[in-house]
J.: 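Starting off with a structure, shown below.
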2 protein chains.
Amino acid sequence: MTSAPSGTRFSAIPRTAAQTRVLDAALRLIAEHGVSGTSLQMIADAMGVTKAAVYRQFKTKEEIVVAITEREMARLEDAVEAAEAEGHPLRAREVLLDRMIDQAIERRGVVSVLQFDPVIIRLQAEHEPFQRFIERLYAALLGTEAGVEARFHAAMLSSAISVAVMHPLIADFDAATLRAQLTKMTRRMLDLPETAQDSAGSAKSRSAAP
Amino acid sequence: MTSAPSGTRFSAIPRTAAQTRVLDAALRLIAEHGVSGTSLQMIADAMGVTKAAVYRQFKTKEEIVVAITEREMARLEDAVEAAEAEGHPLRAREVLLDRMIDQAIERRGVVSVLQFDPVIIRLQAEHEPFQRFIERLYAALLGTEAGVEARFHAAMLSSAISVAVMHPLIADFDAATLRAQLTKMTRRMLDLPETAQDSAGSAKSRSAAP
DNA sequence: GTCTATACCACGATAGAC
DNA sequence: GTCTATCGTGGTATAGAC
């Protein structure tokens, strides 16, 4: 505990190649079946190895889930830090939202699973590093104010972004269309003026789907 | 099949008192642990009976999950029908959104679980009555148009509403505050003018949280 | 008709020996 | 890395008590 770094940096956690392979396979399966619906056997089969081989890389199933969560949070961590580096809280929020949209699109389907799986929710509540990071994320999302409306906006935004990207109604949207619409909508939700770039993006996107 | 009613009416499915007790207990547990994370044993324990007693009411676990989904959809069914009864599609959408907000608040936490659990998602894809109903719901939500923007709006709204109500940042909101904020936000997302009622609601709500 | 007692088999995570 | 074992628990099933 004496060597514990003051700031939790998920990005700094080292993984061997074998561990990374386990995490990749596990994430794919968990995204499809949920944590409880994914067994070590399934992970092993997907990797073409035995259960014992998986068990060698991570002592328990929970460790795998923790590692997956850490890896996913590491990506968001970069976004939060980029936002915190901005001087102005309003500008910070914009940067963060932009990055969150990027990531939600880039990892379409994955983000929401991690956000809604009951097992992962419990894990996040139990592991302090996760808790601390989430609070940091919320802080950046809230900016300076913390009233009813601000909190509602932050809640609505952070949930809507990660969920909308995997909605069946827009499953056929390409990344560019999605990003344009999401950017436009988040700005509207916050009552911010649309940027010229947004309008161009959303106009272009209109031709992207029949 | 000859006796199958033309319109699927989930509301018309009869349940005995014993079955209802099983569904109540199961829903609570599933909302907390997910479908895969909930065993017949847990359901039985929660009811203070044995596994066999549960098994007597529903032959399989899947039947329980189907029944739960039917029961929850029956509630939405009323909302969809009320919307369809409106002449104007725009007005229909407003009515539906209003009811969806009501239900998301009333059954806070339950709606989103059913919407995101991998097992239930698979079930919905496999059972045609569920599929048909969902399409009906989307149709009412889309109104007349079905372009990129309209679909995006429908997706964003239907996901955001059910998810936001259980977001930790606003877990302390009371029902009235939630409803006011949700109504206001959905109107803003659709670029509709705010109603006097909304403003009053959101003003009142401001005093509901410190 | 509803619940209990009990059993069955497959599979879950875990573990140590190879 | 694999093989094999352990041990609990999953869902399913039947027979019989109230």
Side-chain angles (χ1 to χ4, degrees), chain A residues 14-70 113-114 117-124 126-127, chain B residues 13-71 113-114 117-124 126-127:
Chain A
R15 297 285 175 212
T16 69
Q19 285 179 324
T20 302
R21 260 178 286 130
V22 172
L23 296 185
D24 289 341
L27 179 55
R28 276 194 48 152
L29 288 165
I30 287 177
E32 192 175 340
H33 305 104
V35 174
S36 299
T38 303
S39 68
L40 286 191
Q41 185 67 64
M42 293 164 74
I43 298 173
D45 288 351
M47 298 176 63
V49 298
T50 65
K51 262 198 299 182
V54 176
Y55 182 66
R56 266 213 132 298
Q57 305 302 327
F58 295 95
K59 258 174 279 298
T60 68
K61 185 180 171 181
E62 177 161 318
E63 266 190 38
I64 296 178
V65 180
V66 169
I68 286 177
T69 309
E70 284 170 345
V113 178
L114 298 183
D117 189 287
V119 177
I120 297 189
I121 290 178
R122 186 125 25 95
L123 261 178
Q124 288 180 349
E126 286 167 0
H127 285 239
Chain B
I13 301 172
R15 298 285 174 211
T16 68
Q19 285 178 323
T20 302
R21 259 179 286 131
V22 172
L23 296 184
D24 288 342
L27 180 56
R28 275 193 50 151
L29 289 165
I30 287 176
E32 193 175 341
H33 304 103
V35 174
S36 298
T38 303
S39 67
L40 288 190
Q41 185 66 63
M42 291 164 74
I43 298 173
D45 288 351
M47 297 176 65
V49 299
T50 67
K51 263 200 295 183
V54 176
Y55 183 66
R56 266 219 126 299
Q57 305 303 326
F58 296 94
K59 258 172 280 300
T60 67
K61 185 180 171 181
E62 177 161 317
E63 266 190 38
I64 296 179
V65 180
V66 169
I68 285 178
T69 309
E70 284 170 346
R71 213 173 50 158
V113 178
L114 299 185
D117 189 287
V119 177
I120 296 190
I121 290 177
R122 187 125 24 95
L123 261 178
Q124 288 179 349
E126 286 166 2
H127 286 238

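Each chain gets a letter, A, B and so on, in the order its sequence line appears, and its residues count up from 1.
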J.: Once side-chain hydrogen bond (donor to acceptor under 3.5 Å, both in side chains) is applied, what residue pairs with a partner in residues 21-40 of chain B remain, sequence neighbours excluded?
T.: B/Asp24-B/Arg71
J.: Rounded to the nearest 0.5 Å, what separates atom OG1 in A/Thr69 from atom CD1 in A/Ile120?
T.: 4.5 Å
J.: What's the separation between atom CD1 in B/Ile64 and atom NZ in B/Lys59, rounded to the nearest 0.5 Å?
T.: 11.5 Å
J.: Please identify each residue that fulfils side-chain contact (heavy atoms from CB on, under 4.5 Å) with B/Ile121, with sequence neighbours left out.
T.: none
J.: Using every non-hydrogen atom in the two residues, find where A/Gln124 and A/Leu114 come nearest and quote the distance to one decimal.
T.: NE2-O, 4.2 Å
J.: Heavy atoms under 4.0 Å is the rule here; annotate nucleotides 2-18 of chain C 5' to 3' with B where the base is hit, S where only the sugar-phosphate is, and - elsewhere.
T.: BBBB------SBBB---
